[in-house]
Protein chains: 2
Amino acid sequence: MNETLHARIRADVEARIVSGQWPPGHRIPYEHELTALYGCSRMTVSKALGELGRAGLIERRRKAGSFVRRPLAQSAVLEIHDVAAEVASLGAAYGYKLLSRVRRRATARDRERIAVAQGAPLLALACRHDADGRPFCLENRLIHLEAAPEAAQASFVDQPPGAWLIARIPWTAAEHRIRATSADVAADALDLPPSAPCLVIERRTFQGDRAVTAVTLTYPGAAHELIARFSPGPLTTR
Amino acid sequence: MNETLHARIRADVEARIVSGQWPPGHRIPYEHELTALYGCSRMTVSKALGELGRAGLIERRRKAGSFVRRPLAQSAVLEIHDVAAEVASLGAAYGYKLLSRVRRRATARDRERIAVAQGAPLLALACRHDADGRPFCLENRLIHLEAAPEAAQASFVDQPPGAWLIARIPWTAAEHRIRATSADVAADALDLPPSAPCLVIERRTFQGDRAVTAVTLTYPGAAHELIARFSPGPLTTR
DNA sequence: GACCGCAATATGTCTATACATTAAAGTGGA
DNA sequence: TCCACTTTAATGTATAGACATATTGCGGTC
């Protein structure tokens, strides 16, 4: 249990907050008081309080002091895995099949899915990921060929486009939308009745302001779960 | 655009990484080199690199230096709102109805949902959240009465238990599971055909090691979306 | 009393320095 | 060659002090 000093102070203050000893709105002792209390420098106290501030547990106001905050909208960290890695982690054999590959200019419908200019060059892919020979996930992807020109040369017959892109095209931001639907048009490809529930993840990836790719992953049935954990702060060392 | 120095260094290094100029595995200049490069003290450089390390962009090894990491499983920040706030943000009128309220000792089935000892005192609640008079979300909740004894006195007729708990019971960790199902048993309460797809969010909340509450939220149909954003680092100051 | 300006004060950031920790690299002997 | 030991070079954490910045509240003026 070799704790650093600032981590100890942070944990100590956090304990008083979560135990209710310092309720929301309570003013935390000033830095110089904590300095005396823990017998350390102000930098160290400041580091601990700064972490608590970034973690959202307290609010720091100049001149006024630091105050215990009421937890607001909670945010959780959602881990989104690569499909192949996900299948492997289930101990199943991974399979991949390219269903279609079309190069075209962006239509109005495409532009609802990916933010590109009208007529921008796109590669539209459909493929299926299998686990132990059974359909695991259906993937529909658009790749913006201005952002990833090398994709035009790739066949994607042997390698899923997700892994290919991650290895080659840098990106800076992504947005995920998660919803439930019924299998409908995906029913055939997934070997399901059309009314079966599916979990759909849409991911849009950007390079600065430019859209790189948009992908729709359809997972059949109630079997697939996404797991998100609340992160108490940005400080969990890896 | 008043940036602090260490934030500027961090952004600078991050830019080189995401642009591909410094590929995965590349050794980042040593702290003392960056010190010379940016004309600042080692503490400041160390702070910037420490943040990048915690953000997972680089790996720091004593004596060896800091190295660009290959992006692993990407993690996104999922904002999970209070149901009432969610309905309000849609511009709809919020309604709430308590469907059932039972106090009991934990059964084996309860213990699959919430991590408590056998026979622990629980409060089991079912309620419905409405938007403009139509069912918006069905909530099934277990409250551990050892962690939240005051809940035994609350009626939950007028106030949804989520808001009540957040205001009173401190918690430290939460886990969310997201999946798709068909409406099934929830069909009646939600006024849906049993085959309709639903998005289900299960949330377990803890106080240290002790379970506080477990809640299952069932959102009908494809209308409801969860949105998660990739966070380049844990450092977004509030 | 309402308003404005100023001083007091708590936090925010940075520097320079010191020492601790750890792991790579070098050294020497069996 | 291989192993144990020492050296060294990098990061990790802490200190004290300095200055910057924001905000509260006081006091003076109109």
Side-chain angles (χ1 to χ4, degrees), chain A residues 1-14 16-17 22 24-70 233-238, chain B residues 1-14 16-17 22 24-70 233-238:
Chain A
M1 198 46 102
N2 246 348
E3 245 178 348
T4 63
L5 220 189
H6 80 260
R8 207 183 75 77
I9 297 175
R10 179 186 187 274
D12 206 39
V13 171
E14 187 171 336
R16 291 185 207 244
I17 292 173
W22 288 346
H26 180 267
R27 208 209 75 228
I28 285 176
Y30 296 125
E31 290 191 355
H32 72 263
E33 300 178 77
L34 293 174
T35 284
L37 213 156
Y38 292 100
C40 66
S41 77
R42 196 172 72 88
M43 271 295 295
T44 307
V45 169
S46 181
K47 192 170 183 181
L49 293 190
E51 288 177 356
L52 286 170
R54 279 190 293 273
L57 276 177
I58 64 174
E59 182 181 353
R60 312 195 70 192
R61 288 208 299 270
R62 280 197 163 100
K63 161 75 182 172
S66 301
F67 299 85
V68 178
R69 289 223 309 200
R70 182 170 302 288
L235 310 159
T236 49
T237 328
R238 311 196 177 207
Chain B
M1 200 47 101
N2 246 348
E3 244 177 352
T4 62
L5 219 189
H6 79 259
R8 206 181 77 75
I9 298 174
R10 179 187 187 272
D12 206 38
V13 172
E14 188 172 334
R16 292 185 206 244
I17 294 172
W22 288 347
H26 180 267
R27 210 210 71 229
I28 284 176
Y30 296 126
E31 290 190 355
H32 71 264
E33 299 179 77
L34 293 174
T35 284
L37 212 156
Y38 292 101
C40 65
S41 77
R42 196 173 73 89
M43 272 297 298
T44 306
V45 169
S46 180
K47 193 171 183 182
L49 293 190
E51 289 176 355
L52 285 169
R54 279 190 294 273
L57 277 178
I58 64 173
E59 181 180 354
R60 311 196 69 193
R61 288 208 300 271
R62 280 196 165 101
K63 163 78 182 170
S66 301
F67 300 84
V68 178
R69 293 224 306 200
R70 182 167 303 284
L235 309 158
T236 50
T237 330
R238 314 198 174 203

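- If you take CZ on Arg8(B) and OH on Tyr38(B), they are separated by 6.5 Å, rounding to the nearest 0.5 Å.
- Atom OH in Tyr38(B) sits roughly 18 Å away from atom P in dT13(C) (whole-Å rounding).
- As rounded to whole Å, 12 Å separates atom P of dT13(C) from atom CE of Met43(B).
- Residue His6(A) places none of its side-chain N or O atoms closer than 4.0 Å to OP1 or OP2 of dT13(D).
- Atom CZ of Phe67(B) and atom P of dA23(C) are 13 Å apart (whole Å).
- As rounded to whole Å, 18 Å separates atom P of dT11(C) from atom NZ of Lys47(A).
- How far CG of Leu34(B) is from CZ of Arg42(B): 11.5 Å, rounded to the nearest 0.5 Å.
- Trp22(B) places a side-chain heavy atom less than 4.5 Å from the side chain of Val13(B).
- Protein atom CG of Leu34(A) is 9 Å distant from nucleotide atom P of dT11(C), rounded to whole Å.
- Side-chain atoms of Thr44(B) do not come within 3.5 Å of backbone N or O of Cys40(B) as any donor-acceptor pair.
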Using a 4.0 Å heavy-atom cut-off, write out nucleotides 5-10 of chain D from 5' to 3' as B (base contacted by protein), S (sugar-phosphate only) or - (no contact). ---BBB
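- Nearest-nucleotide positions on DNA chain D for Gly39(A) and Gly50(B) put Gly50(B) closer to the 5' end.
- No N or O donor and acceptor, one from the side chain of Arg42(A) and one from the base of dG17(D), sit under 3.5 Å apart.
- Residue order along DNA chain D, read from the 5' end via each residue's closest nucleotide, puts Pro29(B) first among Pro29(B) and Cys40(A).
- Taking the side chain as every heavy atom from C-beta outward, Met43(B) and Lys47(B) never approach each other to under 4.5 Å.
- For the atom pair CD of Glu51(B) and CD1 of Ile58(B), the computed distance is 10.5 Å after rounding to the nearest 0.5 Å.
- At the heavy-atom level, Leu5(A) lies under 4.0 Å from the strands shown only through sugar-phosphate atoms.
- Side-chain nitrogen and oxygen atoms of Thr44(B) include at least one within less than 4.0 Å of the OP1 or OP2 phosphate oxygen of dT15(C).
- Atom-to-atom, CZ of Arg8(B) to P of dC14(C) comes out at 11 Å; the value is rounded to the nearest Å.
- In this structure, Arg60(A) places its CZ atom 19 Å from P of dT9(C), rounding to the nearest Å.
- Between the CG atom of Leu49(B) and the C1' atom of dG12(D) there is a distance of 12 Å, given to the nearest Å.
- For the pair Arg61(B) and Phe67(B), the distance from NZ or CZ to the six-membered ring centre is under 6.0 Å and the angle to the ring normal is within 45 degrees.
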